[in-house]
Amino acid sequence: MTATDGSSPNGGGPGDGPEATTGADGPAAAGAGPDGGAPAAGQDPVGGDPVGHRQGDTVAGVVRQWQAVHPGLDTGPMEIIGRINRCAALLQQAEDAPLRRAGLSRPEFDLLGALRRTGHELTPGELARETFSSGAAVTKRLKQLTERGLVERRGDTRDRRVAHLRLTDAGRELVDGILPAQLAYETAALSGLDAPEQGELAALLGELLAQLEGRLGALRG
């Protein structure tokens, strides 16, 4: 993605949470046939429904299995969170190809992208907040990007402990060169939804994200 792109606050991928069974690398329940092999083409891995039908995706199969084990369990949240995680994992796997060709990891590109889109210098702490990363992870990535000549740091004139980061010309050219390929992929990935559907989905996800950003601390407590 072009923003914080599915990165979790602790640097994990989209399928690293408690419901990782619904991610791209889930267990047999999410992707294998009854004999442990691959499911038939066009079939749901568990229920045999054609993939693409409303209840025929892999998460639907996982949910049906949980409902069979715990009939009274409310799996509604899993049907939403699991699908978000699954979509994020699948999108990121293919979208990362331009980054691999450029020799970048997604977290590194997120740092470069933050410096590019904000348009001004940022401190390591500000970059950590922009990219939902830990301070230690940002420090490590900045060292690598600085050594590659993509980022440069300037010491604060009043406090030597503070550093200000900005893109070099090479870093700016790299980000600007990769971004069109990323956006082209996203356009193709969403082509199965028409413009009104995309708008509705964007609005719903925006509402969910705003709520989570405001309540995440309380939920974790």
Evaluate the side-chain proximity of [Y] to [X]: yes if any heavy-atom separation is below 4.5 Å, no if none is.
{"X": "Leu122", "Y": "Thr118", "answer": "yes"}
{"X": "Pro107", "Y": "Thr131", "answer": "no"}
{"X": "Arg166", "Y": "Val151", "answer": "no"}
{"X": "Arg148", "Y": "Leu104", "answer": "yes"}
{"X": "Thr146", "Y": "Glu152", "answer": "no"}
{"X": "Leu99", "Y": "Asp96", "answer": "yes"}
{"X": "Leu91", "Y": "Tyr185", "answer": "yes"}
{"X": "Leu111", "Y": "Leu145", "answer": "yes"}

Quick check for you: to the nearest 0.5 Å, what is the distance between [X] atom [atom1] and [Y] atom [atom2]?
{"X": "Leu179", "Y": "Arg117", "atom1": "CG", "atom2": "CZ", "answer": "11.0 Å"}
{"X": "Arg116", "Y": "Arg172", "atom1": "CZ", "atom2": "CZ", "answer": "5.5 Å"}
{"X": "Ile80", "Y": "Ile84", "atom1": "CD1", "atom2": "CD1", "answer": "7.0 Å"}
{"X": "Leu208", "Y": "Glu213", "atom1": "CG", "atom2": "CD", "answer": "9.5 Å"}
{"X": "Asp169", "Y": "Leu174", "atom1": "CG", "atom2": "CG", "answer": "12.5 Å"}
{"X": "Ser191", "Y": "Gln198", "atom1": "OG", "atom2": "CD", "answer": "8.5 Å"}

Write down the atom of [X], the atom of [Y], and the distance for their closest heavy-atom approach.
{"X": "Ala163", "Y": "Pro124", "value": "O-CD, 3.3 Å"}
{"X": "Val138", "Y": "Ser133", "value": "CG2-CB, 3.8 Å"}
{"X": "Pro98", "Y": "Ile178", "value": "CB-CG2, 4.3 Å"}
{"X": "Ala114", "Y": "Leu127", "value": "CB-CD2, 3.9 Å"}
{"X": "Asp176", "Y": "Pro180", "value": "O-CD, 3.0 Å"}
{"X": "Gly149", "Y": "Ala170", "value": "O-CB, 3.9 Å"}

Same cluster (ILVMFWY, side-chain, under 4.5 Å), Leu209 and Phe132: no

Candidate list Glu121, His120, Glu126, Arg153, test side chain to side chain contact (heavy atoms under 4.5 Å, CB included), partner His164, passing option: Glu121

Ala60 backbone acceptor or donor facing Glu79 side chain under 3.5 Å: no

Sequence neighbours left out, cut at 3.5 Å: what donor-acceptor pairs do the side chains of residues 69-78 make with other protein atoms?
unit_1, atom_1, unit_2, atom_2, d
Asp74, OD1, Gly76, N, 3.0
Thr75, OG1, Gln67, NE2, 3.1

Any side-chain donor near an acceptor of the partner, Ser105 and Arg100, under 3.5 Å: no

Flag if over 12 foreign heavy atoms under 6.0 Å of CD, Glu200: no

Check against side chain to side chain contact (heavy atoms under 4.5 Å, CB included), Leu167 and Leu150: CA-CA 6 Å; Leu167 290 179; Leu150 302 175; 5.7 Å; no

Worked check of side chain to side chain contact (heavy atoms under 4.5 Å, CB included) between Leu193 and Leu201: CA-CA 9 Å; Leu193 301 176; Leu201 180 59; 3.9 Å; yes

